[in-house]
Participant: 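Let me begin by handing over the structure; questions about it come next.
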Amino acid sequence: MNFLTARVDLIQRLLGLAALGTLLIGLGLVFTAPVDFQQGDSVRILYAHVSSAKMALLCYVALTICAIGVLWKKSEGADAAMEALAVVGACFTAVTLVTGAIWGKPMWGTWWAWDARLTSMLVLLIIYVGLVALRSSLDNPQKAAKATAVLAIIGAVDLPIIHFSVVWWRTLHQPAMFKGNGMITMAPEMRLPLAVMAIAFILMGAYMTLIKTRAIRAQRRLDALEDEALALEAESDHA
Amino acid sequence: MLRAAYRIAWKDVVGDLRRRATLSSMLFFSLSVLVIFQAGLEPNRSEALKLMPGLLWITLLFTSLVGLGRVFQAEEEDGALEGLLLSPMPRGVIFLGKWLGNLVLTALVALLLLPLMLILLNVDAWGALHLIIGVVLLGILGLTGLGVLLAAMTQAARARETLLALLLIPLVSPLLIAAVQATNGVLGLTTEIAAWIRLMLVFDVVYLAMAPWAFGWFVED
């Protein structure tokens with residue numbers, strides 16, 4: 001149970017403080033950054049939007065590494081981290097979609113367009129939800145861990161194909177609505193706040209994953225103890 | 001070794017044809033989907049032609065979900081999966097057998113469905129029928145490959161049919177996009193065919209190469 005020790009507690013607290021600090025600095029920079037000449041104040045949501053989009057993908061990369069850990073080393077810690085990352089990744093994906101829609105309404109005049117990026121993000125969200133659903137609906141914990149890990153790897157192979165097919169699909173008929181959303185030609189004054197926000201989101205994601213992983217491990221231990229208690233009770237009733 | 005896969009597939013297909021369980025429920029399910037489409041969209045002749053590729057693949061996807069829900073039913077009911085796993089052959093071969101059985105049933109349903117669809121939707125595409133059949137067969141290779149793998153993984157789950165749909169539909173979406181676009185091309189609605197056929201081939205090859213391994217990982221103890 002090294003995962004519940006005082007040292008992990010300390011790491012968690014430091015990580016939380018670091019995330020909060022960076023986030024506050026980042027928000028300060030975001031709100032003092034110059035407004036975009038065309039987009040006005042609504043450009044400020046992009047700092048959160050881009051950062052959470054990066055986190056949505058980064059969580060999947062981490063999740064795939066955990067899945068390999070589950071299949072190769074049969075690691076219980078990796079299994080708990082995998083489930084935690086699926087939840088955290090789903091949150092970031094949802095934030096990306098929502099902030100994108102809020103930005104899209106004044107900019108494109110519509111909440112949603114079946115653009116390649118939007119479509120693949122939506123599919124990613126469904127895959128995250130599917131991972132969580134699969135993990136929680138199998139009774140045998142070993143089988144559940146294995147099934148989720150296999151699905152995560154299938155998803156990791158499939159995500160590039162999905163992205164590629166959707167880009168192809170949406171650019172074959174009509175030109176893409178926006179390319180690279182202007183971030184490549186971004187003004188240098190906007191780069192610092194974006195970098196700080198990205199770091200803040202990475203710290204936040206790590207903090208959330210750590211808390212969730214510990215909560216999942218505690219819950220599993222509790223379930224195991226409960227089963228044990230029930231078995232003992234049944235035994236004493238029998239005697 | 002492939003003989004063993006063939007035996008498993010044969011057992012599944014013949015067993016199903018004798019009981020008329022999966023095949024007939026898939027066929028009638030797909031027919032009722034067609035009726036719903038007709039009632040919901042009421043297309044005229046030119047609209048029907050334009051809608052057909054999409055309707056065809058939505059119907060095939062839903063219909064294959066009906067079949068996939070039962071792929072491992074017999075194994076589960078009698079605990080026969082343990083028997084299969086105890087037999088001295090690689091896990092991948094067991095997967096190939098189960099996949100082949102499902103593929104044959106799905107292909108049969110698709111072949112029966114296609115002419116019915118052209119008649120019921122009033123679409124004049126008889127000249128391109130052989131090409132459509134080719135695209136359909138290419139599509140269901142990957143669809144059933146991924147589907148049987150996910151069916152194996154969700155077989156012991158609670159609410160497994162819902163879970164199967166939730167997992168299969170997003171993962172199979174690139175194949176579905178490519179298949180619809182290729183069918184569009186075959187019907188002369190677009191000119192781009194080769195690129196979409198290539199994408200379908202990539203999907204089929206990736207999944208059929210990966211699924212036996214993934215199945216092996218999943219069932220080993």
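Lettering follows sequence order; numbering is per chain, from 1.
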Participant: Check the orientation of B:F215 and B:F95. Use parallel for under 30°, tilted for 30 to 60°, and perpendicular for over 60°.
Facilitator: tilted
Participant: Counting only heavy atoms closer than 4.5 Å, note whether B:L171 contacts chain A via side chain, backbone, both or neither.
Facilitator: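 The answer is both parts of B:L171.
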Participant: In terms of heavy-atom proximity below 4.5 Å to chain B, should A:L71 be classed as side chain, backbone, both, or neither?
Facilitator: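 Only the side chain of A:L71 comes within 4.5 Å of chain B.
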Participant: Decide whether a cation-pi geometry holds between A:K54 and A:F201; the criteria are a distance under 6.0 Å from NZ or CZ to the six-membered ring centre and an angle within 45° of the ring axis.
Facilitator: no
Participant: Measuring heavy-atom distances to chain B, does A:T119 have an atom under 4.5 Å in its side chain, in its backbone, in both, or in neither?
Facilitator: neither
Participant: Between A:D79 and A:K146, does at least one N-O distance fall below 4.0 Å, as a salt bridge requires?
Facilitator: no
Participant: Counting heavy-atom pairs under 4.5 Å with chain B, which one of A:G130, A:S165, A:S136 comes out on top?
Facilitator: A:S165
Participant: Is A:I154 in contact with chain B via its backbone, its side chain, both, or neither, using a 4.5 Å heavy-atom distance?
Facilitator: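 Both backbone and side chain.
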Participant: Side chain from CB out, backbone as N, CA, C, O: work out which of these in B:L175 comes under 4.5 Å of a heavy atom of chain A, or both, or neither.
Facilitator: neither
Participant: Which atoms of B:I169 come close to chain A, meaning under 4.5 Å heavy atom to heavy atom: side chain ones, backbone ones, both, or neither?
Facilitator: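 Nothing of B:I169, per the 4.5 Å heavy-atom cut-off to chain A.
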Participant: Measure B:L166 against the heavy atoms of chain A and call it side chain, backbone, both or neither at under 4.5 Å.
Facilitator: both
Participant: Is the distance between the ring centroids of A:W114 and A:W169 less than 6.0 Å?
Facilitator: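 Ring centres of A:W169 and A:W114 not closer than 6.0 Å.
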Participant: In terms of heavy-atom proximity below 4.5 Å to chain B, should A:L124 be classed as side chain, backbone, both, or neither?
Facilitator: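 Neither the backbone nor the side chain of A:L124 comes within 4.5 Å of chain B.
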Participant: Between B:R158 and A:D139, is the closest basic N to carboxylate O distance under 4.0 Å?
Facilitator: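 Salt bridge: yes.
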Participant: Quick one: which of A:R220, A:K212, A:R217 gives a side-chain hydrogen bond (donor to acceptor under 3.5 Å, both in side chains) with A:E83?
Facilitator: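 Exactly one candidate clears the test, A:R220.
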Participant: Hey, does A:Y207 have a side-chain heavy atom less than 4.5 Å from the side chain of A:L210?
Facilitator: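 Of all side-chain heavy-atom pairs linking A:Y207 with A:L210, none is under 4.5 Å.
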Participant: Name the region of B:M153, side chain, backbone, both or neither, that has any atom closer than 4.5 Å to a heavy atom of chain A.
Facilitator: both
Participant: Any sub-3.5 Å donor-acceptor pair from B:N102's side-chain atoms to B:T144's backbone N or O?
Facilitator: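 A pair under 3.5 Å: no.
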Participant: Specify which of A:L131, A:L151, A:T148 makes the most heavy-atom pairs with chain B at under 4.5 Å.
Facilitator: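 Looking at each of A:L131, A:L151, A:T148 in turn, A:L151 comes out on top.
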Participant: Against chain A, label B:A156 side chain, backbone, both or neither, depending on which of its atoms sit under 4.5 Å from a heavy atom there.
Facilitator: both
Participant: Under 4.5 Å heavy-atom distance to chain A, tell me which part of B:Y207 shows up: side chain, backbone, both or neither.
Facilitator: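 The side chain, not the backbone.
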Participant: Where on B:A195 is there a heavy atom nearer than 4.5 Å to chain A: the side chain, the backbone, both, or neither?
Facilitator: both
Participant: Between B:D16 and B:R70 (salt bridge meaning N to carboxylate O under 4.0 Å), is one present in this structure?
Facilitator: no
